[in-house]
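Hydrogens, waters and symmetry mates are skipped; everything else that's a heavy atom, side chains included, is used. Lettering follows sequence order; numbering is per chain, from 1.
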Number of protein chains: 2
Amino acid sequence: MRVTKEKAAENRERILQAAAALFREKGFEGVGVDALAAAACLSHGSVYSHFGSKEALAAEAVAHALAQSLPQLGGGADGETVPLATMVRRYLSRTHRDDPGGGCVIAALAAEGARQGEAVRAAFTEGVRRMLGGLAPAVPEDDATAREDATIAVLATMIGALILSRAVDDPALSDHILRAAGAHLLRDAPAEEVGTVPRVQSKMGSDGNP
Amino acid sequence: MRVTKEKAAENRERILQAAAALFREKGFEGVGVDALAAAACLSHGSVYSHFGSKEALAAEAVAHALAQSLPQLGGGADGETVPLATMVRRYLSRTHRDDPGGGCVIAALAAEGARQGEAVRAAFTEGVRRMLGGLAPAVPEDDATAREDATIAVLATMIGALILSRAVDDPALSDHILRAAGAHLLRDAPAEEVGTVPRVQSKMGSDGNP
DNA sequence: ATTATCTATAGATCTATAGATAATGC
DNA sequence: ATTATCTATAGATCTATAGATAATGC
């Protein structure tokens with residue numbers, strides 16, 4: 001049964017959405033093409049029509065998830081500058097920790113991504129570059145080189161802390177990791193930044209921390 | 001063909017060694033029981049005799065890998081205090097980045113670990129606690145709470161930077177991430193610590209950075 | 001007698017392809 | 001005529017179990 005061109009495009013988009021969420025939730029190898037197709041209400045044959053292989057779908061899904069989760073951080077392409085404190089609190093929130101399927105692709109899949117093929121790795125590299133670019137303007141450092149280093153350190157700290165908070169069994173330790181990493185990153189943030197209202201009202205928007 | 005009790009213990013140990021390395025290299029779901037058994041020169045049936053299930057083997061392998069890689073960081077159980085700079089340089093070295101099979105279990109598997117069963121997660125939690133305990137004495141902070149927070153931030157930064165450096169396609173960016181994160185972590189380290197000789201001569205010992 | 005190991009195999013699952021189907025696009 | 005989708009299926013792989021084997025441990 002053939003469908004209209006628009007319908008086909010919608011179906012393709014729905015596969016991407018399902019893949020972007022399910023890969024982040026269960027890992028690249030934790031979910032099969034069959035399950036992805038089912039989540040998009042299609043047969044697995046249709047997935048192969050659209051993407052050719054699981055690997056190709058994975059690469060597109062990573063890029064897709066990246067395009068969605070990056071603006072949520074606050075480092076969007078619009079001129080508006082979001083304070084570092086807002087981005088950090090948003091990223092290191094319990095809401096984000098508890099929603100890997102809708103959250104940062106790097107934190108959820110970068111470790112596995114290192115073992116994937118060329119296309120997937122390229123998507124991750126682009127993602128890291130874009131996150132650094134979005135973060136840099138908010139990092140308070142005078143010297144350009146120092147800011148570059150600091151930006152990388154801030155990103156590494158956020159990603160590492162989120163991964164640790166998810167890996168750990170004990171809810172108290174998990175919360176502690178999020179709070180401590182955030183506090184350390186913002187240890188000399190200006191007081192006005194505290195309590196800034198999130199710019200977007202996404203799933204990652206409300207930060208879940210009191 | 002039955003073997004001696006000692007031989008059986010050796011075989012068990014060899015399975016653990018192979019699992020600890022292969023899981024870190026290929027991920028929990030990237031390697032099958034058959035391949036693990038083959039790496040230990042045994043049949044897969046023997047693996048089930050020793051561990052009962054792949055999940056149980058994974059939990060023991062994580063604990064095993066942890067016990068091996070923790071002293072390499074420098075935060076061993078002996079009274080000797082290793083400077084933070086030594087630990088950071090060792091951890092954020094190219095040698096470590098390029099040897100996931102012999103390196104930090106948390107960086108290699110924690111993201112996947114969050115999706116594993118109880119036993120595996122418990123092993124990771126214990127691992128995070130032990131790494132924090134090994135790191136804390138080297139973190140230069142007066143206030144106890146501030147030190148705790150800083151220790152968590154240092155660990156998160158190291159793990160995040162290593163994961164990022166492995167995920168990224170471009171060798172120059174990968175090196176940059178390691179260098180920048182290290183430089184930022186040690187930005188106010190005393191000058192005497194620079195160039196400290198690594199305590200152990202393990203695979204992780206020589207740091208590969210000029 | 002116990003048991004570490006191996007072989008054979010069950011049963012599930014996974015990626016991918018081939019060919020049929022049926023409706024769109026021209 | 002083209003093509004998006006589905007069904008059927010191939011072929012591989014993966015976890016796990018059952019039963020046989022043969023040497024140790026007592």
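- Each salt bridge (Lys or Arg N to Asp or Glu O under 4.0 Å) pair with one or both residues in residues 19-36 of chain B, not counting sequence neighbours, would appear here, but there are none.
- Residue pairs meeting the ring pair (Phe, Tyr, Trp, His ring centres under 6.0 Å) criterion with at least one partner in residues 144-175 of chain A, sequence neighbours excluded, do not occur; the list is empty.
- Checked against salt bridge (charged side-chain N to carboxylate O under 4.0 Å, His left out), Asp98(A) has no partners two or more places apart in sequence or in another chain.
- Counting only Watson-Crick and G-U wobble pairs whose two distances sit under 3.5 Å, DNA chain D takes part in these stems of three or more pairs: C:1-24 with D:1-24.
- Under the rule for a salt bridge (charged side-chain N to carboxylate O under 4.0 Å, His left out), the partners of Lys7(A) that lie at least two apart in sequence or sit in another chain are Glu10(A).
- Counting any heavy atom pair closer than 4.0 Å across all strands shown, Ser49(B) reaches a base atom.
- Counting only residues at least two apart or in different chains, salt bridge (Lys or Arg N to Asp or Glu O under 4.0 Å) contacts with residues 58-72 of chain A comprise Arg12(A)-Glu60(A).
- Backbone-only contact: Thr4(A) has heavy atoms under 4.0 Å from sugar-phosphate atoms and none from a base.
- Taken residue by residue, residues 5-22 of chain B places heavy atoms nearer than 4.0 Å to DNA chain C at Ala8(B), Asn11(B).
- Scored by the ring pair (Phe, Tyr, Trp, His ring centres under 6.0 Å) test, Phe28(B) finds Phe23(B) as partners (sequence neighbours excluded).
- One N or O on the side chain of Ser93(B) and one on the backbone of Arg90(B) form a donor-acceptor pair closer than 3.5 Å.
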Return the polar atom pairs (N/O with N/O) between nucleotides 14-18 of chain D and the protein under 3.5 Å, or none.
| unit_1 | atom_1 | unit_2 | atom_2 | d |
| --- | --- | --- | --- | --- |
| dT15(D) | OP1 | Lys54(B) | NZ | 2.4 |
| dT15(D) | OP2 | Val33(B) | N | 2.8 |
| dA16(D) | OP2 | Tyr48(B) | OH | 2.9 |
| dA16(D) | OP2 | Lys54(B) | N | 3.0 |
| dA16(D) | N6 | His44(B) | NE2 | 2.6 |

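- Taking atom CZ of residue Arg2(A) and atom P of nucleotide dA4(D), one finds them 6 Å apart after rounding to whole Å.
- A search for salt bridge (charged side-chain N to carboxylate O under 4.0 Å, His left out) contacts involving Arg166(B) returns nothing, not counting sequence neighbours.
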Solution key, residues 153-160 of chain A side-chain donor-acceptor pairs under 3.5 Å, sequence neighbours excluded:
| unit_1 | atom_1 | unit_2 | atom_2 | d |
| --- | --- | --- | --- | --- |
| Thr157(A) | OG1 | Ala153(A) | O | 2.6 |
| Thr157(A) | OG1 | Thr157(B) | OG1 | 2.5 |

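- Residue pairs meeting the salt bridge (Lys or Arg N to Asp or Glu O under 4.0 Å) criterion with at least one member in residues 38-55 of chain A, sequence neighbours excluded, do not occur.
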